[in-house]
Amino acid sequence: QVQLVESGGALVQAGGSLRLSCEASGRTFSRYAMGWFRQAPGKEREFVAAIAWNGYKTYGADSVKGRFTITRDNDKNTVHLQMSSLKPEDTAVYFCAARLSSRPWVGITNEQEYDSWGQGSQVTVSS
């Protein structure tokens, strides 16, 4: 498994932008698809976006399509979530997670299929 550490969370005004980063330890980062999830107060954790091990395939939740972009750099063992046009409803703790690339892509939104999780990074969007 990989160990994951998120960074970049902050307080931002509505309409603003923010980039989250997730750094993975270990030499096997490229074996994993990576995902971002978020959990708002009083709500269940939900899928945000995911990217295949080679970066050639991505998928995002309808709520963030056109506003959030997920990218990765396998040379630096990092994955990023570029967020723009932020809304107050984007306020949440954001988690990155790693999922073995051997698993079928069809389950990419299912948090139960992820093998490692970061500790989370708080994003607060003020109105």
Side-chain angles (χ1 to χ4, degrees):
Q1 291 188 346
V2 293
Q3 285 72 52
L4 305 172
V5 178
E6 301 97 334
S7 61
L11 171 63
V12 63
Q13 288 188 334
S17 298
L18 200 61
R19 188 174 85 152
L20 300 181
S21 297
C22 174
E23 184 172 356
S25 63
R27 302 179 181 178
T28 60
F29 180 67
S30 62
R31 293 177 57 190
Y32 292 87
M34 297 298 296
W36 285 96
F37 291 76
R38 67 186 181 186
Q39 186 167 22
K43 294 186 177 182
E44 294 186 351
R45 189 158 56 186
E46 64 176 2
F47 171 80
V48 176
I51 187 166
W53 69 273
N54 55 9
Y56 289 172
K57 187 184 300 184
T58 62
Y59 183 74
D62 288 342
S63 59
V64 304
K65 283 181 178 177
R67 300 190 299 123
F68 291 11
T69 301
I70 185 170
T71 59
R72 68 187 293 160
D73 185 337
N74 285 349
D75 290 333
K76 297 181 179 179
N77 282 13
T78 56
V79 60
H80 303 287
L81 185 68
Q82 179 68 47
M83 305 183 292
S84 61
S85 302
L86 283 162
K87 305 174 182 179
E89 50 263 44
D90 295 318
T91 294
V93 178
Y94 284 71
F95 300 88
C96 72
R99 178 180 182 269
L100 283 170
S101 60
S102 57
R103 300 180 189 268
W105 180 259
V106 67
I108 200 67
T109 64
N110 183 357
E111 65 175 277
Q112 301 299 323
E113 295 195 8
Y114 284 77
D115 305 287
S116 300
W117 292 83
Q119 82 289 350
S121 184
Q122 177 69 48
V123 173
T124 303
V125 183
S126 63
S127 58

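Count residues from 1 along the sequence.
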Short side-chain donor-acceptor distance under 3.5 Å, Q122 and T124:
yes

Nearest 0.5 Å please: distance from the OG1 atom of T109 over to the CD atom of E46.
11.5 Å

Quick one: do S21 and T78 satisfy side chain to side chain contact (heavy atoms under 4.5 Å, CB included)? Show the steps, please.
CA-CA 7 Å; S21 297; T78 56; 5.8 Å; no

Side chain to side chain contact (heavy atoms under 4.5 Å, CB included) assessment of K57 paired with I108:
CA-CA 11 Å; K57 187 184 300 184; I108 200 67; over 6 Å; no

Same cluster (ILVMFWY, side-chain, under 4.5 Å), L81 and W53:
no

For the residue pair R38 and V123, establish whether any side-chain heavy-atom pair is separated by less than 4.5 Å.
no

Which heavy atom of L20 sits nearest to which heavy atom of G9, and what is that distance?
CD2-N, 3.5 Å

Can you give me the closest heavy-atom contact between S126 and L11, atom names plus distance?
CB-CD1, 4.3 Å

Sorted by first residue and then second, give each salt bridge (charged side-chain N to carboxylate O under 4.0 Å, His left out) pair with at least one member in residues 66-79; sequence neighbours left out.
R67-D90

Rounding to 0.5 Å, atoms CD (Q13) and OG (S127) come to a distance of 9.5 Å

Nearest heavy-atom pair of S7 and S121: which atoms, and what distance?
C-OG, 4.1 Å

Rounded to the nearest 0.5 Å, what's the gap from OG on S84 to CZ on R19? Could you check?
13.5 Å

Over all heavy atoms of both residues, which pair between I70 and A50 is shortest? Give the atoms and the distance, please.
CG2-O, 3.5 Å

Could you walk me through whether E6 and Y94 satisfy the side chain to side chain contact (heavy atoms under 4.5 Å, CB included) test, starting with their C-alpha distance in whole Å, then the side-chain angles of each, then the deciding distance to 0.1 Å, before giving a yes or no?
CA-CA 8 Å; E6 301 97 334; Y94 284 71; over 6 Å; no

Do you know the tightest heavy-atom contact between S85 and S17?
N-OG, 4.4 Å

Run the numbers on D115 and R103 for salt bridge (Lys or Arg N to Asp or Glu O under 4.0 Å), then give the verdict.
CA-CA 11 Å; D115 305 287; R103 300 180 189 268; 2.9 Å; yes

Measure from the side-chain N and O atoms of S25 to the backbone N and O of Q3, and report whether any donor-acceptor pair falls under 3.5 Å.
yes

Same cluster for F95 and F68 if Ile/Leu/Val/Met/Phe/Trp/Tyr side chains link at under 4.5 Å?
no

Donor-acceptor pair, side chain of S30 and main chain of N74, under 3.5 angstrom
no

How long is the gap from SG on C96 to CD1 on I51, to the nearest 0.5 Å?
12.5 Å

Is there a path of hydrophobic side-chain contacts, each under 4.5 Å between heavy atoms, that joins L4 and L100?
yes

Point-to-point distance, once rounded to the nearest 0.5 Å, from OG of S101 to CE of M34
12.0 Å

Quick test of your reading: applying ring-ring contact (aromatic ring centres under 6.0 Å, His included), list the pairs with at least one residue in residues 1-42, sequence neighbours left out, ordered by first then second residue.
F37-F47, F37-Y114, F37-W117

Test Q82 against T71 for side chain to side chain contact (heavy atoms under 4.5 Å, CB included), laying out the working first.
CA-CA 8 Å; Q82 179 68 47; T71 59; over 6 Å; no

